[in-house]
Amino acid sequence: SAPLPESSSGGGGKSPNSSSDLGSILRRVHGAKDKHIFRLLSTIANPAHAPSARARALDELPKRAKGLGPAVQSWIRTLARRVAMGSLVDASCVEHCIILSQEAYEADDVAV
């Protein structure tokens, strides 16, 4: 799971990474009335979506989570960054490279 944000309360009590804190954050996210949070996360996580759509979702997600509190907003932002890593190579780019290399091979334009 995504790491919990650092607690700003400097004194005793539970550690900021306790499972009860994570449980509280997850309950707040799950109980959110705005279910667009999950749609935005799925857009961010899907490398098949257009980069512009993913960027818009990354911009809108913190705004949607703002009403859930700063700890939840920070956790969702961290989660979004992790799932946004997705596919690092565009599949269409790989396909074009294969086609170009085949054309070069067939034209005997290959340097060895």
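Salt-bridge formation is not detected for the pair R56/E60: no Lys NZ or Arg NE/NH1/NH2 atom is positioned less than 4.0 Å from an Asp or Glu carboxylate oxygen.
Other residues, nucleotides and ligands contribute more than 12 heavy atoms inside 6.0 Å of the NZ atom of K35.
Across all their heavy atoms, A80 and I44 have their closest contact at O-CG2, 3.7 Å. Closest approach of Q73 to P62, counting heavy atoms only: NE2-O, 3.0 Å.
Note that CZ of R64 and CD1 of I37 are 8.0 Å apart. Values are rounded to the nearest 0.5 Å. The CZ atom of R81 sits 11.0 Å away from the CG atom of L61 when rounded to the nearest 0.5 Å. For the atom pair L68 CG and I76 CD1, the distance stands at 6.0 Å (nearest 0.5 Å). Taken from CG in D21 to CG in L26, the straight-line distance is 11.0 Å, to the nearest 0.5 Å. Taking CG of L79 as the reference point, atom CD1 of I25 lies at 11.0 Å (rounded to 0.5 Å).
Side-chain N or O atoms of R54 include one that pairs as donor or acceptor with a backbone N or O of A84 at under 3.5 Å. Under a 3.5 Å cut-off, the side chain of S101 and the backbone N or O of I98 do form a donor-acceptor pair.
Side chains of H36 and R39: a donor-acceptor N/O pair is present below 3.5 angstrom, by distance only.
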